[in-house]
Amino acid sequence: MSDEEKDTGNGREHYEKGLPGYHDVLGRLTGAPPALSALTPRLWLAAFGAVFCLGSGVTLLVTIAPLRWFGVLLVVLGVVAVVDLAWVAHRKRRGEPG
């Protein structure tokens with residue numbers, strides 16, 4: 001670990017403790033503890049979205065000519081889901097709980 005990581009707290013130990021969520025603006029006012037990200041359900045949802053969108057999109061592109069625009073849309077959404085899947089897997093691999 002470099003000296004910068006020790007100073008800023010961005011080492012593996014920092015990620016293993018969990019990163020607080022900043023989506024709850026009123027959390028500080030009410031005294032609620034910061035939420036942690038639920039990475040495992042997000043990983044499963046991204047995998048399902050990728051398989052469903054890519055499979056449905058390719059099927060529409062191949063079989064139903066009038067709905068090709070919808071097939072293209074589903075393939076684009078499937079690619080977005082694959083990118084999200086890769087990012088969530090990266091976060092889990094570096095040690096974040098969830």
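Scope of the values below: all heavy atoms of this structure, side chains included, with no hydrogens, waters or symmetry mates. Just so it is clear, the model here is predicted, and its values are computed rather than measured.
- Expressed to the nearest 0.5 Å, how far CG of Leu60 lies from CG of Leu73 amounts to 10.5 Å.
- When side chains are defined from C-beta on, Leu54 does not count as touching Leu74, because their heavy atoms never get closer than 4.5 Å.
- Both Leu85 and Leu39 sit in one connected hydrophobic cluster of ILVMFWY residues. Membership requires side-chain heavy atoms under 4.5 Å apart, directly or through other members.
- The shortest distance between side-chain heavy atoms of Lys92 and Arg42 does not fall below 4.5 Å.
- Looking at Val75, Leu77, Val58 one by one, the single match for side-chain contact (heavy atoms from CB on, under 4.5 Å) with Cys53 turns out to be Leu77.
- In this structure, CZ on Arg91 lies 11.0 Å from CG on Leu43, to the nearest 0.5 angstrom.
- Residues Leu61 and Ile64 are members of separate hydrophobic clusters, defined by side-chain heavy-atom contacts under 4.5 angstrom among Ile, Leu, Val, Met, Phe, Trp and Tyr.
- Hydrophobic clustering (side-chain heavy atoms under 4.5 Å, transitive across Ile, Leu, Val, Met, Phe, Trp, Tyr) keeps Val76 apart from Phe48.
- Across Ala81 and Ala46, no two heavy atoms sit closer than the pair CB-O, 3.8 Å.
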